[in-house]
Amino acid sequence: MSLLSVRDLRVEFKTPDGIVKAVAGVSFELKQGETLAIVGESGSGKSVSNLAYMGLLPQSKTTITGSVILETEDGPVDLIGLAPEKLRAIRGKDIAMIFQDPMSALHPYYTIGDQLIEAHQVHNDVDKKVSADRAIELLTLVGVSNPAERLHSYPHQFSGGMRQRVMIAMALMNNPKVLIADEPTTALDVTVQAQILRLLRDIQDQFEMAVILITHDLGVVAGAADRVNVMYGGRLVESAEVGELFKDPLMPYTVGLLDSIPRMDKGHGNRLKAIPGQPPSLITLGDGCAFAARCSRKAELPEGTCETSPDLIAVKKEHLVRCHLYVGKGK
Amino acid sequence: MNSPLLEVTDLTKFFPVSGPGIFSRERGINKAVNGLSFTLNKGETLGLVGESGCGKSTAGRTILKLYDPTSGSIKFEGEEISGYSNQKMKPLRTKMQMIFQDPQSSLNPRQSVGAIIAASFEVHGIKPEGGVKRSVQELLERVGLSAEHYDRYPHEFSGGQRQRIGIARSLALRPKFIVCDEPVSALDVSIQAQVVNLLTDIRDDFGMSYLFIAHDLSVVQHISDRVGVMYLGKMMEIAPTESIYSSPHHPYTKALLSAVPIPDPVLERKREQIVLQGDLPSPMNPPSGCVFSGRCWKATTKCFEVEPKLTKVGKAEVACHFPE
Amino acid sequence: MSGLLTYISRRLMITIIILLAVSFTVYVIFALLPYDPAALTCGKNCNDPGIIAANRIRLGYDKPFWVQYWIFLTGLFVGRDFGSGAAAIHCDAPAFGYSFQQHACVTDLLGQALPVTVYLAIGALILWLIVGIGLGIISARFRGKIWDTLSTAFVLVGTSLPTFLTGLILIVFLVIKLPGSPFPADGYTAPEEDFGQFLLSMVLPWVTLAFAYAAIYTRFVRSQILEISTEDYIRTAKAKGLSDRMILGKHTLRAALAPIVTMAGLDFAGLLGGAILTEAVFNLPGMGRLSLTAVVDIDLPVIVATTIVAASIVVIMNMILDIVYAFIDPRVRV
């Protein structure tokens, strides 16, 4: 059952240097209970695409088109073009989001109890005591000891890992169906990362939540994801089930990315296979394949092929790729 | 037997933390580096890993005398430099350099790239053959940029390119020893590989020695000959790279390695992960005895009371009473 | 909570020490001035050496410096006598000295001048905070649009016009040229005497004084709000589904509050030492006018007193602000 259906999502920013095509036509589905990892580097559009339908992008000079259909209790709702008050009612309730840097994501002047209770009170017309009890319940769930006392603590009194747990608890206050985690562990130490990822997995099972995990770390993807979307230059370039993606990556960018990561289990000393060149400018990027400039396999195709944008094709069951090398091989 | 290029013995660096209050009574001491010892040979790359607060960055800076050590000895090419003033250090700085983590903030935005690199020559009054400009342009080309970039400004470059500029700057005086402080952490994954390759090439071409400080264990393993694992200002284990990754002896090393996710779904989900409980203690309040005792699953009374010294276990040196 | 109490008591102790240091420093400065305080006691043009010598003894100016300071300091707590016998003058505590030119205890002079300045400062403070914060919020909210441009114009004018010019313009257009204007051109009526007239006589001075500050605060509040809006915790608040109004009111303003409180406190403290230009233009008998007259007449005891009072107000305000800040920002309380 598709909880979230994204169709041809496009996001453009008007800047003094030109129009930045941050997201250039992204489509995907999110199923209930699924963990979808969106992988990409800076400028790939992985964060912007999700911030867009959450209504968290600055409003002026931003154009968002396409459709993002969310299954709510009242039926399907298209988040794009939804009136701001209606979107606000969904934000933090049906879809929750946690961000990268837990150090700065909490208001320094309010207790975490205040901030947790607020998250609940915004969407529920109940007594503050009810919200406080829910906060304690969730803090216990995420592994914060002495939750009743800790409600009166301030963010600066917690460590980074603890703050991220508080953020997760805050996201869960209203039992969201979808949790978007934007680089949730990038700013954390690796041992803390392991704790948080394990926590997210446990919670997801318990709450039957779907998770969109935005990350650049393929190791995290390997451990946490069911499906993976690879983004480059604002486009979705490959999408597959996780085992399939690592076993048989199709798009040259994905192949290059996997080859360029130093692997601890592969011994040391050999030269890394780096992808040459730089990520593209989102202003000057034309209609052709976004990766063409850095692609090592361009020569296999007739001249000029890569100047047109390839479509997303299903090469195998549930394995889609946007690359001219596979045109005509689709099912 | 060549004498080592760098010999660090019992190095400490403490930062006093002053409290609020009239007479600024000391609230405590941040024991960032709390007794570090290791050697580095010529042409060798020693990786230094650990999590936040372990003291690896502070150690790197103290060794280069960017901070004055609180105590301990630093011998560079046999010369004891721990007590040297800035004045006495100046001639040595041509031999020891640093590459910084953040390519954005470590380059002066008001200076052209050429000026930034040329400054190295000017500060030490070195006039290379063919002129400074020619040397700078050669350096730019060596790191994968082009000679025309001489007149451009840092903001015109991407993160990976700026890091290359930082590398060119550190290379200018052909140092023997470079401290790389998280040189690729701020870069995109596909660019990291390029820069790591560049660092490896330069090291091989110029016979450089590196102290490679990073938190990303995969990258460290790739470039280092030996690896040291730090925790709360102390060295837990130091061993040749293969040994550390294939048979770690210290419980913390094991936990650290097991926490790093492997980019292979089958392996990653199958393996046993050690998930440490609790948080890192503060470097202001390191536990007595073994600093890792509070989170170690094997800790006994002895571990809480007696601090273990680095002892040889197989190919490694391990600071643990019960090494694996 | 105990953290807060320790913090407060520490600040209190340090403030007392600073106040002592201030009084000492001012006293030393004036002792070093090339004026013979005794000679000044009988007026500017007085030259009779007999009177001067007699006054020197009466007022204790013949005693060593430390003794003089000690007498001064104790006078602050228990009152002081000038001279002895039938011709003695007594000033009640806190005794700052005696002004021979104005024939009054300095403390009494302060007592008359200070309230005027206080009323002036408080009224201006309220006015400039309302306008500054209000306009600042509006121009941040409607950034780039008409309101923002208008407020930028206001800021430009407000920060460029010198206070005395603002005051004179107001007087010209709202008093002289306005037929039947309710505002007096100058002068002061105490609130106890006639509250209505008091208000009327203060309106123009309040507006004059507040004008420049309102402009500065508008700009500052606007930039604070815009900067805080980019903070991560504001993004979190949006992600929770809070309305824009709630985010502004609860999250953004609370964060912006801290520096505004500090600025306003210090500006207010500075004004209490005397809003010299405004008081001069509107002929208000406040601390500013008192200081000015004393400097012109070289009335040393008054100058010493107004300096110490003005400095002390700033020091005490600093302490109060530190404590208030600890209430606003919990990170400071450690």
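Numbered from 1 within each chain, the chains take letters A, B, ... in sequence-line order.
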**Student:** Between CG of B:L256 and CG of A:D189, what distance do you get to the nearest 0.5 Å?
**Tutor:** 9.0 Å

**Student:** What distance separates A:L218 CG from B:D264 CG, expressed to the nearest 0.5 Å?
**Tutor:** 11.5 Å

**Student:** Please confirm whether the backbone N or O of A:A222 pairs with a side-chain atom of B:R269, one donor and one acceptor, at under 3.5 Å?
**Tutor:** yes

**Student:** Just wondering, more than 12 heavy atoms not from A:K273 lying within 6.0 Å of its NZ?
**Tutor:** no

**Student:** What is the minimum heavy-atom distance between A:G223 and B:E268, and which atoms define it?
**Tutor:** CA-CG, 3.3 Å

**Student:** Side chain, backbone, both or neither: which part of A:Q195 has a heavy atom under 4.5 Å from chain B?
**Tutor:** both

**Student:** Checking side chain to side chain contact (heavy atoms under 4.5 Å, CB included) between A:S42 and each of B:L187, B:I191, B:D188, which is the one that passes?
**Tutor:** B:D188

**Student:** Please identify, among B:L267, B:L276, B:V189, the residue contributing the most non-hydrogen atom pairs under 4.5 Å to chain A.
**Tutor:** B:V189

**Student:** Pick whichever of B:S190, B:G144, B:G50, B:S52 has the most heavy-atom pairs under 4.5 Å with chain A.
**Tutor:** B:S190

**Student:** At a heavy-atom separation under 4.5 Å, does A:S159 approach chain B through its side chain, its backbone, both, or neither?
**Tutor:** side chain

**Student:** Test side chain to side chain contact (heavy atoms under 4.5 Å, CB included) on A:R198 and B:Q273 and set out the steps.
**Tutor:** CA-CA 10 Å; A:R198 179 168 285 195; B:Q273 251 199 346; 3.9 Å; yes

**Student:** By a 4.5 Å heavy-atom criterion (distance strictly below it), what part of A:V221 contacts chain B: side chain, backbone, both, or neither?
**Tutor:** backbone

**Student:** Can you tell me which of B:S158, B:P261, B:S258 forms the most heavy-atom pairs within a distance under 4.5 Å of chain A?
**Tutor:** B:P261

**Student:** Strictly distance-based, threshold 3.5 Å: is any side-chain N or O of A:Q193 a donor or acceptor partner for the main-chain N or O of B:A259?
**Tutor:** no

**Student:** State, with a plain yes or no, whether a side-chain heavy atom of A:V190 is found less than 4.5 Å away from one of B:H215.
**Tutor:** no

**Student:** Is the shortest side-chain heavy-atom distance between B:Q161 and A:Q278 below 4.5 Å?
**Tutor:** yes

**Student:** Select one option (side chain, backbone, both, neither) describing which atoms of B:V266 are under 4.5 Å from chain A's heavy atoms.
**Tutor:** neither

**Student:** Mark yes or no for whether B:E51, through its side chain, and A:T191, through its backbone, hold a donor-acceptor pair below 3.5 Å.
**Tutor:** yes

**Student:** Chain B heavy atoms under 4.5 Å from A:P276: which part of the residue, side chain, backbone, both or neither?
**Tutor:** backbone

**Student:** Is B:Q192 reaching over with its side chain to a backbone N or O of A:P262, donor-acceptor style, under 3.5 angstrom?
**Tutor:** no

